[in-house]
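Side chains are part of it too, since the values below use all heavy atoms of this structure and drop only hydrogens, waters and symmetry mates. Here the structure is a predicted model, which means the values were calculated and not measured. Ligands are counted one by one from 1 in listed order, and the atoms in each one are counted from 1 as well.
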Amino acid sequence: MKKSNRHVPAHEIDAIAGAVRAGDRRALGRAITLVESRRDADRPRAEALLEALVAYRGDAIRIGISGVPGVGKSTFIERFGRHVIENGHRVAVLAVDPSSSVSGGSILGDKTRMEELGRNAKAFIRPSPTGGTLGGVARRTREAIALCEAAGYDVVIVETVGVGQSETAVKDMTDMFMLLLSPTGGDELQGMKRGIVELADLILVNKADGALEAAALDTVSNYRNAVHLLRPASPNWAVPVDACSALAGTGIAEVWRHVEAYRKALGDSGEIAARRKAQTKSRLWSEVGESLLANLRAHRDVKQLLPALEKDVVEGRIAVAQAARRLLAAFLGSSAS
Ligand code: GDP
């Protein structure tokens, strides 16, 4: 259950910011709850907190991980997270879960997931924010990334379920995007049609163990061929396709080596910095777009016009473009005056 953030009064912002910076996991949890709040009244304090921490972001690597339910994401993150911690890092795990917007469920909500990692003092695991649109959830996750980085987590993992548009949202907030696949054995290429493979900086065929191992290796070679045909997103990075077993722990150390190599190659070439700049710029526009839309929807004249206009559009009495123009005119007309 999420706590209410009514107990984060304005005069406590500095204290919370200090505790977050000191790496206090409880304070970080409260800080994230505050930025995730959908109450308008909480927003100024959330922004004050982000403002207080913006200067302390360190140089974390942000990793997106996606794959269909059951592919082994949480088993993988558990293993991988422990390996990364053994290598001297601190790991935060966040989630963007489009299904929680619909069902109210949450991919990380189940307490049994990543149990061991969660007990590690160098790990912070946060269930996905519940409710809201994908855009809204993504915004809160971006802010949660900033808070985790201020708290000294230098590896931030953002997990998402491989359904819908969430992969693009996660790609747009991370430096490196990993795609987890299941062994199929056949020639069928999952995720190819939906363009998800093109987003990946690293492709992992999980469950390469026991009876599934041979099929996993087949899948690896199919994807190596497929990836070879794609135009590389970076001249400095050839997307690796590897097998691993999150259950047995094989191939996990190689994944971390790939992350380090990626970071070196694209860090040196300036591509990670350029990607972050482009992400920030598009974030500015989505912030503007979202608040414009929220203002428009809340506008008195728009609200008054809307039911009849929607009905007219649906029943074909007026064209969509004309209805949209009328709504905009109602909004701009009085906001301009
Ligand atoms: P998620 O839905 O993607 O988070 O997948 P989970 O991590 O919950 O794993 C789904 C199922 O696959 C569980 O029963 C896991 O034990 C199993 N699983 C995960 N990784 C492996 C693996 O490397 N090998 C095998 N054989 N099973 C795995």
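The closest side-chain donor-acceptor pair between N295 and H299, if any, does not fall under 3.5 angstrom.
For the pair F80 and V91, the minimum side-chain heavy-atom distance is 4.5 Å or more. Side-chain contact between T184 and V205 is absent, with no heavy-atom pair separated by less than 4.5 Å.
Listed by chain and number, residues touching ligand 1 at under 4.0 Å (heavy atoms only) are V68, P69, G70, V71, G72, K73, S74, T75, R113, N206, K207, D209, S245, A246, L247.
Within the structure, every pair that satisfies the salt bridge (charged side-chain N to carboxylate O under 4.0 Å, His left out) test and touches residues 221-238, not counting sequence neighbours, is listed here: R224-D242. The stretch residues 279-290 participates, sequence neighbours left out, in these salt bridge (charged side-chain N to carboxylate O under 4.0 Å, His left out) pairs: R139-E287.
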Listed pairs under 3.5 Å, donor-acceptor, residues 51-58 side chains, sequence neighbours left out:
unit_1 : atom_1 : unit_2 : atom_2 : d
Y56    : OH     : R21    : NH1    : 3.3
R57    : NE     : E149   : OE1    : 3.3
R57    : NH2    : E149   : OE1    : 3.4

